[in-house]
Amino acid sequence: MEFAGISLDTKALKKFSAKLDDEINELRNQIHAAAGSEFNIDSPKQLGVVLFDDLKLDDKPKKTATGQYSTRETELLRLAPSHAIVRDVLEYRNAVKLKSVYVDQLPEAIRPDTGRLHTHYSQLWTTTGRLQSNNPNLQTIPIRKARGREIRAAFVARDDDHLILSADYSQIELRIMADLSGDETMMSAFRDGTDIHRSTASKVYKVDPDDVTREMRDKAKTVNFGIIYGISAFGLQQRLNIPREEAHDLINNYFEKHPGVQAWIDSTIEFAKEHGYVATRTGRRRFLRDITSGNKSLQRASERLAMNSPIQGTAADLLKLAMIRVHHALRAGGFKTEMLLTVHDELVFDMHKSEIETVIPVITEAMQGALPMSVPIEVETGYGANWLEAH
DNA sequence: AATTTCACG
DNA sequence: ACGTACGTGAAATTA
């Protein structure tokens, strides 16, 4: 994959760069006008002084670890509805980030001899077994916001004979938690092929699945991710912007309806305290020196790692096993399709157009069978002229 | 070199 | 009283 590289539409990025420049200049002017001074918006320190000392947008602004005003996105979002300057700062930050990290840097990283982008993967350093990608990092290419999607669309197929194919595991970490814990509720949800967030919503809100609203499903989705990370009521309250009581109820209801998950978390933490490590399904270990620490917050943090690492780590093991199987399957089948990128639960390919019908089932099967699990593994595929269309 | 912020899964 | 969800890499500013 490192040798293969991926093609970038530099012409499109160049146009986008000019457009971002215009947006950035206009936003900078508006921000300076609203502030009444020409400060450096890129400096969190100066920005904090402008927003909280000069304009006094918040009576009790949150501070960072070193005592500065915090100007991070979650803080600014609370002020955005009532203050245009804050909305402009958020837009400005988004545009500057995209321009500096992606739009202007990626074309520089193209290797002149191949005309393609070659990332470097490291298997050595992450604590959970995931791969790292750097120089350039191709595992953080934008997709969530509208502006960023233009960058993803610049990752294009090799030539007119190829398309970008994306194959990603659906809800892989939740499926792994179902497998590791053997929780009956989760296992039947996945076996029935139901929408897992809707299913969780019907449990934590104690309503019929048909009566789950959009809002209930969205909140249940946050609960599901929170469980994987070792949620606290405080954390859920912050993320959902709900009262503490409601957050407590959601978590209590979740564990009441998923006793297998609760038991698995408890026994995993207990195992970590006894042995000093936890392990993925294939046996990769993560040692947790602070799991028996007298420092409560260190211990709590270690407990979250104890339950999260087997889940994230098993997903990493699964994808690496899948990559080996895909590699052999492509070679055995004599395919021209080439594996290019891996992004934690996704594989990206240059797919030869003549192989659309044949190669997709081969890749899907190789990924699904990488690690036998007690719940179905689903792989979603899509293809198009670029990485955005493939999703 | 440390801090702050933000892009992704 | 404290701190508050897991794993990363990179850029700009500050110390």
Side-chain angles (χ1 to χ4, degrees), chain A residues 39-48 62-77 89-90 92-106 109 119-122 125-145 147-149 151-152 168-174 176-177 222-240 244 247 251 278 286 288 295-316 319 341-347 387 391:
Chain A
F39 67 104
N40 182 358
I41 308 167
D42 297 342
S43 159
K45 196 175 176 183
Q46 293 181 39
L47 178 64
K62 205 180 157 196
K63 303 273 188 83
T64 68
T66 55
Q68 279 187 41
Y69 296 122
S70 173
T71 64
R72 55 192 298 174
E73 187 176 16
T74 49
E75 298 305 312
L76 297 188
L77 279 173
V89 167
L90 287 166
Y92 173 89
R93 282 228 174 119
N94 178 235
V96 165
K97 175 90 176 184
L98 296 182
K99 186 166 152 58
S100 65
V101 178
Y102 303 101
V103 176
D104 292 346
Q105 288 304 313
L106 287 174
T119 188
H120 173 74
Y121 290 110
S122 173
W125 301 112
T126 66
T127 51
T128 56
R130 279 185 171 184
L131 298 190
Q132 296 167 311
S133 159
N134 61 24
N135 298 308
N137 180 358
L138 297 188
Q139 291 186 325
T140 55
I141 300 305
I143 192 167
R144 292 174 188 170
K145 298 186 185 140
R147 251 197 219 97
R149 282 183 208 119
I151 295 165
R152 194 163 280 241
D168 68 280
Y169 286 111
S170 160
Q171 312 291 0
I172 192 59
E173 293 197 342
L174 287 170
I176 286 170
M177 188 167 76
T222 303
V223 171
N224 273 333
F225 280 111
I227 296 296
I228 289 173
Y229 298 143
I231 201 170
S232 67
F234 180 88
L236 189 63
Q237 171 196 344
Q238 292 294 306
R239 269 167 191 75
L240 289 179
R244 183 65 153 270
I251 294 173
V278 288
R286 178 174 189 178
L288 299 162
N295 180 330
K296 284 289 167 231
S297 80
L298 271 184
Q299 189 172 349
R300 273 296 298 144
S302 292
E303 289 172 5
R304 290 196 294 273
L305 302 179
M307 52 161 298
N308 176 264
S309 298
I311 298 171
Q312 189 182 123
T314 300
L319 189 71
L341 300 177
T342 168
V343 195
H344 308 310
D345 63 358
E346 174 187 16
L347 297 176
W387 197 4
H391 269 278

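Side chains included, hydrogens not; waters and symmetry mates left out as well; all remaining heavy atoms used. Just so it is clear: chains get the letters A, B, ... in the order the sequence lines come, proteins before strands, and each one is counted from 1.
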Item to complete: Ignoring backbone atoms, establish whether A:Arg72 has a side-chain N or O less than 4.0 Å from OP1 or OP2 of B:dT4.
Response: no
In this structure, CG of A:Leu305 is separated from OH of A:Tyr229 (nearest 0.5 Å) by 13.0 Å
Rounded to whole Å, the CG-C1' distance (A:Asn308 to C:dT4) equals 15 Å
(message) On the nucleotide B:dT3, are OP1 or OP2 found under 4.0 Å from the side-chain N or O atoms that A:Thr66 carries?
(response) no
Exercise. Is it the case that A:His391 and A:Glu346 place a side-chain donor and acceptor less than 3.5 Å from each other?
Worked result: yes
| said: What contact category does A:Leu305 fall into here, base, sugar-phosphate, or nothing, at under 4.0 angstrom with non-hydrogen atoms? | reply: sugar-phosphate
Under a 4.0 Å heavy-atom criterion, the protein footprint on nucleotides 10-15 of chain C, written with B, S and -, is SSSSSS
>> Between B:dT5 and C:dT4, how far apart are the two P atoms, rounded to whole Å?
In response: 14 Å
side-chain N/O A:Thr74 vs B:dT5 OP1/OP2, d < 4.0 Å:
no
One should read off an interatomic distance between A:Met177 CE and A:Asn308 CG, to the nearest 0.5 angstrom, of 10.5 Å
A:Asn224 CG to B:dG9 C1', in whole Å, measures 16 Å
Separation of C:dC6 atom P from A:Arg286 atom CZ, nearest Å, is 10 Å
The nucleotide from B:dC6, C:dT8, B:dG9 with an atom nearest the side chain of A:Gln132 is C:dT8
Margin query: Does any part of the side chain of A:Leu138, heavy atoms only, come nearer than 4.5 Å to the side chain of A:Trp387, both counted from C-beta?
Written below: no
Taken to the nearest whole Å, OH/A:Tyr229 to C1'/C:dG7 is 8 Å
Between CG of A:Leu319 and C1' of C:dG7 the distance, given in whole Å, is 14 Å
- Query: With a 3.5 Å cut-off and no angle check, do the side chains of A:Ser70 and A:Glu75 form a donor-acceptor pair?
  - Reply: no
Rounded to whole Å, the CD-P distance (A:Glu303 to C:dT4) equals 16 Å
A:Asn94 atom CG is separated from B:dC6 atom P, nearest whole Å, by 10 Å
- Is A:Lys97 salt-bridged to A:Glu73, cutoff N-O under 4.0 Å? no
Q) Are A:Asp42 and A:Tyr92 linked by a side-chain donor-acceptor pair shorter than 3.5 Å? A) yes
Atom CG of A:Asp104 and atom C1' of B:dA7 are separated, to the nearest Å, by 15 Å
Interatomic distance, CD@A:Gln312 vs OG1@A:Thr128, rounded to 0.5 Å, equals 3.5 Å
**Prompt:** Going by distance alone, is a donor N or O of one side chain under 3.5 Å from an acceptor N or O of the other, for A:Arg300 and A:Ser232?
**Reply:** no
### Heavy-atom donor-acceptor pair, A:Gln312 side-chain to C:dC6 base, under 3.5 Å
yes
| query | Given the P atoms of B:dT4 and C:dG3, what is the spacing between them in whole Å? | reply | 14 Å
Symbol by symbol from the 5' end, with Watson-Crick or G-U pairs under 3.5 Å, [ ] crossing and | another strand, DNA chain C is .....|||||||||.
